[in-house]
Amino acid sequence: MARPGNKIIQAKLVLLGDMGTGKTSIALRFVKGHFFPNQEPTIGAAFFTQILSLSEATVKFDIWDTAGQERYHSLAPMYYRGAAAAIVVYDISSVDTFVRAKKWVQELQTHGNQKSVMALVANKSDLEPKREVEAEVGEQFAQENGMFYMETSAKTAENINELFYEIGIYFLNIF
Ligand code: GDP
Ligand code: MG
C-alpha cells in the first residue's frame, strides 16, 4: 500500500507473444501468487492490476494480457501503443515461439511507444531438458534491441517478481 508522501506511478503494461508461451500464467503468478496449470487460452485480452511497493515509489501496474493467436493480431496496437512497458514472451522449449517473439519486437520497434521499456522474457525455464533456445541467443537479441532479458518460470515463480521489479525501477527514471 502507498505510504504517505510516497510517489504513485500508474503505468500500462502489455504482455505480447505467441499463444501458449505463458503470458497469462506470468500475470497470474505476479498478481495472485499462484500457478494455475489448467489455464484456458485467453480470448481477446485480459486485464489485471497489481501494486508493487518500491522504497522510492508505489507502482500500480495496469496489465493487459493479450491473446497470442494470429486472428487477434489486429487488436494488439490498441494495447501496446499507450503502454509504458511491453513484455514479449517466448517459451525456451519452442524455437518457433522465439521466432514469433522477434516479430513482435520488430513490430514494437516500428509501431510501438518509443519511450516504453521493453523486456524479452524467456519463460518456462523449468523445462531446461527440453530447451530449444539458448540463453545467450535470447540475451543477444534483447541487447541488440535495447531490451532487458530475463528467464522466468510462472510454474516455479523463478524471476517473476524480479521481472516486474526491474520494470518498476525503470519507471522511477521516466515518470
Ligand atoms: P498464454 O497463451 O501465453 O497466455 O499461455 P498460458 O499462460 O495460458 O500457458 C500455456 C500453457 O503453458 C499452460 O498449460 C500453462 O500451464 C503452461 N505454462 C505457463 N507457464 C509455464 C512455465 O513457466 N512452465 C511450464 N512448465 N509450463 C508453463
Ligand atoms: Mg493467455
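Please read all numbers here as calculations on a predicted model, not as lab measurements. Numbering of ligands and ligand atoms starts at 1, following listing order. Side chains included, hydrogens not; waters and symmetry mates left out as well; all remaining heavy atoms used. We number each residue from 1, following the sequence as shown.
A donor-acceptor pair shorter than 3.5 Å can be found between the side chains of Thr24 and Asp65. At a cut-off of 3.5 Å, with distance as the only test, no side-chain donor of Glu151 or Asn159 sits close to an acceptor on the other residue. When only modelled atom types and interatomic distance are considered, Glu158 and Ser125 share a side-chain donor-acceptor pair under 3.5 Å. Between the side chains of Glu136 and Gln140, no donor N or O sits under 3.5 Å from an acceptor N or O.
Within the sub-2.8 Å shell of the Mg ion (ligand 2), the protein contributes these N/O/S atoms: Thr24 OG1, Thr42 OG1.
Under the ring-ring contact (aromatic ring centres under 6.0 Å, His included) criterion, Tyr165 pairs with no residue at all, not counting sequence neighbours. For Tyr80, there are no ring-ring contact (aromatic ring centres under 6.0 Å, His included) partners, not counting sequence neighbours.
Counting only distance, with no hydrogens or angles, the side chain of Ser94 and the backbone of Asp91 share no donor-acceptor pair below 3.5 Å. Using a distance-only test at 3.5 Å, with no hydrogens or angles considered, a donor-acceptor pair links the side chain of Lys23 to the main chain of Asp18.
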- Message: With side-chain contact (heavy atoms from CB on, under 4.5 Å) as the criterion, how do Met118 and Leu108 come out once you've worked through the C-alpha distance, each side chain's angles and the decisive distance to 0.1 Å?
- Response: CA-CA 9 Å; Met118 297 206 292; Leu108 288 170; 3.6 Å; yes
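Taking a heavy-atom cut-off of under 4.0 Å, ligand 1 is surrounded by Asp18, Met19, Gly20, Thr21, Gly22, Lys23, Thr24, Ser25, Phe35, Pro37, Gln39, Asn123, Lys124, Asp126, Leu127, Ser153, Ala154, Lys155.
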